[in-house]
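Here the structure is laid out as structure tokens; the discussion comes afterwards.
Along the sequence shown, residues carry numbers from 1.
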Amino acid sequence: MFAKLASTLLVASAFIAGTIAKPVPVSRDILPRGHGSSISFNHWGGLSSFDNFDNFYGVDNFDSSVHFSQVVDTTQTLVCHTVEIEIIQQRLLVLQEMAKRIITEQICEVETQTVVFEQFHASLGLFRNDLHRTSGHQVGFDSAIAGHFSDVCLPDGSLSTDNFGFSGTDLGSHSVVVGGSNWNDATSPASVSAASGAANFAVSSLH
């Protein structure tokens, strides 16, 4: 649940970003985000809802962790500003429930619902390593992908079925880094680890 909440900061920041600018590559080594899987889910279990599943991230890139390259758009300048925590929690919960709606309303096979959710959860969980500054990538969000947030629903509130024209391998190619955080190279690794540990303990104590 904590990983889900962390995710949607990417989407929420897109509204502040405004018009999407042309990305400018930043000279830095791009590191793999993890280890992939060679399991193919194309037509898995004979279910047609799995057709072309692997086309999105790739057969060896189930959670987007392997084939990920970040191009930081330096033409956009965003600075974080503190909002009441309840406001943040409300918006993240909206996005969480929208993810549930998409999975359950636009997929009928429970097996496909399960795999898609696990893919979503695993990919989102990678943001944890970015927040800890251990992934080798700058902390940010893809403004081109987040910019489609308003296209998810039609004016009548129903879910759209439009193809937005991107794939999972496009993730990171229009990265925007939000400045203004209190990260300190000397003290933040320990304090962030402590915060993460406290959150994980809060979750584990409930189960």
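For the pair Asp151 and Asp162, the minimum side-chain heavy-atom distance is 4.5 Å or more. The shortest side-chain heavy-atom distance between Phe166 and Phe56 falls under the 4.5 Å cut-off. The shortest distance between side-chain heavy atoms of Thr114 and Glu109 does not fall below 4.5 Å. Using a 4.5 Å heavy-atom threshold, the side chains of Leu154 and Leu159 count as separate. Lys100 has its side chain out of reach of Phe117: every pair of non-hydrogen atoms, C-beta onward, lies at least 4.5 Å apart.
There is no side-chain donor-acceptor pair under 3.5 Å between Ser175 and Asp142.
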### Task
For the pair Arg91 and Ile87, evaluate side chain to side chain contact (heavy atoms under 4.5 Å, CB included) and give the outcome as yes or no after the intermediate values.
CA-CA 6 Å; Arg91 280 145 182 77; Ile87 302 301; 3.1 Å; yes
### Query
Going through the distances and angles, do Phe53 and Val115 end up as a side chain to side chain contact (heavy atoms under 4.5 Å, CB included)?
CA-CA 10 Å; Phe53 182 97; Val115 173; 3.7 Å; yes
### Query
Is there a side chain to side chain contact (heavy atoms under 4.5 Å, CB included) between Cys153 and Arg101 once you walk through the steps?
CA-CA 11 Å; Cys153 288; Arg101 179 185 176 186; 4.2 Å; yes
### Task
Could you give me the CA-CA distance, side-chain angles and deciding distance for Ser123 and Asp63, then say whether side chain to side chain donor-acceptor pair (under 3.5 Å) is met?
CA-CA 5 Å; Ser123 180; Asp63 61 359; over 6 Å; no
### Full working for side chain to side chain contact (heavy atoms under 4.5 Å, CB included) between Val71 and His174
CA-CA 6 Å; Val71 179; His174 296 82; over 6 Å; no
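When atom types are taken as modelled, the side chain of Gln70 and the backbone of Gln138 share a donor-acceptor pair closer than 3.5 angstrom. Panel note: side chain Ser196, backbone Val192; no donor-acceptor pair is recorded below 3.5 Å.
Remark: Thr82 OG1 to Glu84 CD distance equals 11.5 Å, nearest 0.5 Å. Rounded to the nearest 0.5 angstrom, Asp170 CG and Tyr57 OH are separated by 10.5 Å. Atoms OG and CD, from Ser64 and Gln119 in turn, are 8.5 Å apart once rounded to the nearest 0.5 Å. Rounded to the nearest 0.5 angstrom, Asn182 CG and Thr187 OG1 are separated by 8.0 Å. Distance OG/Ser49 to CD/Gln106: 13.0 Å, rounded to 0.5 Å.
Transitive grouping of hydrophobic side chains (ILVMFWY, heavy atoms separated by less than 4.5 Å) brings Phe62 and Leu47 into a common cluster. Linking Ile, Leu, Val, Met, Phe, Trp and Tyr whenever their side-chain heavy atoms come within less than 4.5 Å puts Phe41 and Ile103 in one cluster. In the hydrophobic cluster analysis, where Ile, Leu, Val, Met, Phe, Trp and Tyr join through side-chain heavy atoms closer than 4.5 angstrom, Val116 is grouped together with Ile39. Under a hydrophobic clustering in which Ile, Leu, Val, Met, Phe, Trp and Tyr are joined whenever their side-chain heavy atoms come within less than 4.5 Å, directly or via other members, Leu92 and Met98 fall into different clusters.
For His43 and Phe50, the ring centers sit 6.0 Å or farther from each other.
Considering only residues two or more places apart in sequence or on other chains, Arg133 meets the side-chain contact (heavy atoms from CB on, under 4.5 Å) condition with Val139, Ser181, Trp183.
Ala202 and Ser205 get closest at one heavy-atom pair: O-OG, 2.9 Å. A pairwise comparison of heavy atoms in Phe164 and Ser160 identifies CZ-OG, 4.1 Å as the closest pair.
Counting heavy-atom neighbours within 6.0 Å of Glu105 CD, excluding the residue itself, gives a total above 12.
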